[in-house]
Structures are given as C-alpha cells and as structure tokens.
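A short write-up of the structure that comes next.
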Amino acid sequence: MTIAFVVPAGKGTSGGDVYDRRLTEELVALGRPVRTLAVPGAWPEPDEAARIGLGRALDGLPDGTTVLLDGLVACGVPDLLRPHADRLRLIVLVHLPLADEFGLCPHRARTLDMYERATLHLASKVVATSTWAAQHLSNHHDLATVHAIPPGTDPAPPAPGGDGRSQLLCVASVTPRKGHDVLLRALAGLSETDWELTCAGAEPDPDHMARLREFEQAHGLSDRVHFTGALTGRALEAAYARADLLVLPSRAETYGMVIGEALARGVPVIASAVGGVAEALGHGLRGHRPGLLVPADEPRALREALHRWLTDPVLRKELRVLARLTRPDPAGWTKAAQNMAAVLDREGPR
C-alpha cells in the first residue's frame, strides 16, 4: 500500500522539512512505498492558487488512500480536508501548533488555533514530534490520543571545535520565534568579548533581519556575529565542526532537532527551557544534562549562562564530557519510521 505524504514545497532546510524527508527515506527502506506530494503555498495561510493545488492533489487520490499530511499544510485548511475525511484516511503530523508561532496577533492566533482544532478532529490519527507536544495537543484540542514520534539523528563524527570555548553556533531559521534577538541582547551585555557567533539558518523575514543587523551595529557586535543564511551538506557540517557550544534561544519549540545534531557531534548546548527541548537534551550521565536550560525570552538569564560557559573551565569540561556520552541513538530515524509505520497500520479511531 502506497502512502501519500503531503508536504509543503520549499527549500527543505527547516527542521520540519528534514523530518519529513528522513522519515520518507526510512519508510521506503522499510519497504513502505511513499508518494510525496509537495504542494506550493504560503502555508498555513495559503492563497487561492495554493488552495486549488492542494484540492486537486487530494481529489486525485483513490478512495481509501492513507494520506499523511504535514500539519503546516493541513492544520490551516480544515474546509479543504472535510470533503475527503470519509473518503481518505487522513493522518496529520504536527511539527508546531499553529498558534505557537511567535508574533501572531491575538485574532490571527485564535483563528489558526480554531482551524487546527477542526483539522485534528477530522483526522483518523494525529502524530506529534515529541512526548511534550503530543500531551499538549491532546489536552489543548481534546483529543483522546496523540502519537509521539520524536525525530532521529544521523550519526556524525565528534566536532573538533575551536579553542573549546569561544566558538558559538546557533542553527535556526532567523524568525522571531527562534529568539536571535534575545541572543544578541544577551551577548551585548557580556563583559567577555573573546567569542564568535555563527548563526546558520534561512532568513525569510527581511524586516526582522534588518532589525537584528541594526542592533548588531549599535552594540558593536558586527565583527563577532556572522549570519550565514541556510547551510546544508558540507557547509553545515563545517559549521558544527568549528562549534564549541550550540545556543538555541527559541521562544517555542516542540522538540529541537538541532540539539540532537549537536550532541551527535559531542557539542554541549545552552537552550531555552521550552516545549520539548528538555526531551531533546536528555538527562545525560546519572541525570546530569549535557547542557544548560534557561528561561525563554530572558536575555539576562541567557547572558548568565553564557558567562558561566566562557569563564568556568570546570563547567566546560563537564558539559563536553556529558555531551560526548549523551550520543543520540544512531538508529533513531529507523525507529521513528517503524513507529510511524505502526501508526499507519493501526485501524480504527485514534
């Protein structure tokens, strides 16, 4: 039985894109044929052309087809899914609840949340990318069951790093939710100046990017902060190889795949304590985490954590050791695909 997987068409650099691609590859490796339907559009709020495109893609599927839908596409358009809810077997994969995107006006957030709720109640099954997210969706939208399928992490060699201290790396799309402005404010208040930050990620919002550049210049950070745009392949591997510390200052995360990517290379982490981030970071040896968690959207707390990293060699050594011992399961993506296959095979309501 071929699975139709409806995903947003794009550059494929976001965590959700990577999840969709690696899950597809592993399902195929398990002998589960997947037909990917990449639909263009400004999801989750598409224009009429995008809506027509999605409608045609669903119309073209035979009755009874199992359709796995990326939540970014599905959750904002319950009206397009409703005519197919009895004809197709709809399974929705939620990477991020729509209303959790930072910076939405209250009316827009309420509307998207209402649409998402309607979509998830139309679905045969709902899948989230962390235990935290599954529980959150279940409670928030009154769903009996949400299946948690965390992402895997591809194996990688240990990162040699820089001097073991000063090379900071943030891998995240440059959007308000990811908190680059919080990170810059934290760094601007540090008394230590012998550090360098690389920010690798797509830059979809020119106005947001301009504000970050203005802050950099006003606080004398331009020579030490480098925005590279989205990196993939060897360029991304090189960025991880140079890193002494990963910093993820997000305001909201359902998991935080880049944390697993850093730990796969033995790179410690400082991250916001939001959503499923603690789940991604794990508990390390004897309950000691391979990183520091700080409150979200609080530059002072992040500054204090960075100050500790930069000034405490004992802490740095401890976190590096823990990071190298907390390596993600190399079979993680295979297990994710096996778990998804079990969800796809399960009959009956959620």
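In Tyr115, the OH atom is not crowded: 12 or fewer heavy atoms of neighbouring residues, nucleotides or ligands sit closer than 6.0 Å. Heavy atoms of other residues, nucleotides or ligands lying less than 6.0 angstrom from CG of Asn139 number more than 12. Within 6.0 Å of the CG atom in Asp86, the count of heavy atoms belonging to other residues, nucleotides or ligands does not exceed 12.
At a threshold of 4.0 Å, the pair Asp100-Arg177 does not count as salt-bridged, since none of the basic side-chain nitrogens sits closer than that to a carboxylate oxygen. Ion pairing between a basic and an acidic side chain is recognised when a charged N comes within 4.0 Å of a carboxylate O; Arg87 and Asp63 show such pairing. Residues Asp154 and Arg22 are paired through a salt bridge, judged by an N-O separation under 4.0 Å between the basic side chain and the carboxylate. Glu237 has a carboxylate O that lies under 4.0 Å from a charged side-chain N of Arg265, or vice versa, which qualifies the two as a salt bridge.
The closest donor-acceptor contact from the side chain of Arg327 to the backbone of Ala264 lies under 3.5 Å. Proximity of a side-chain donor or acceptor of Arg320 to a complementary backbone N or O of Gly164 within less than 3.5 Å is detected. No donor-acceptor pair closer than 3.5 Å links the side chain of Lys125 to the backbone N or O of Thr145.
Contact check for Thr65 versus Arg89: no side-chain heavy atoms found under the 4.5 Å cut-off. A heavy-atom distance below 4.5 Å is not found between the side chains of Leu37 and Phe5. When side chains are defined from C-beta on, Tyr255 does not count as touching Ile259, because their heavy atoms never get closer than 4.5 Å. Counting heavy atoms from C-beta outward, Asp181 and Arg211 have side chains that stay 4.5 Å or more apart. A heavy-atom distance below 4.5 Å is not found between the side chains of Val28 and Pro33.
Residue Leu104 is found in a hydrophobic cluster whose other members, listed by chain and number, are Leu98, Leu112; membership requires side-chain heavy atoms under 4.5 Å apart, directly or through intermediates.
For the residue pair Asp113 and His140, a side-chain donor N or O sits within less than 3.5 Å of a side-chain acceptor on the partner. At a cut-off of 3.5 Å, with distance as the only test, a side-chain donor of Glu279 or Thr131 sits close to an acceptor on the other residue. Side-chain contact annotation: Asp163 with Gln167, donor-acceptor N/O pair under 3.5 Å absent. Thr2 and Arg35 share no donor-acceptor pair across their side chains, judged by distance under 3.5 Å alone. Glu253 and Ser250 are linked by a side-chain donor-acceptor pair at a separation below 3.5 angstrom, with hydrogens and angles left out of the test.
Minimum interatomic distance between Pro78 and Cys75 (heavy atoms only, all atoms of both residues): CD-O, 4.2 Å. Residue Val274 comes nearest to Ala296 through the heavy atom pair CG1-CB, 3.4 Å, listed as atom of the first residue, atom of the second, then distance. Scanning all heavy atoms of the two residues, the minimum distance from Pro299 to Ala186 falls at O-CB, 3.4 Å.
Ring pair His95/Tyr19 is perpendicular by interplanar angle, where above 60° counts as perpendicular and below 30° as parallel.
When the options Val171, Leu169, Val225, Leu168 are evaluated for a side chain to side chain contact (heavy atoms under 4.5 Å, CB included) with Thr198, the one that passes is Leu169.
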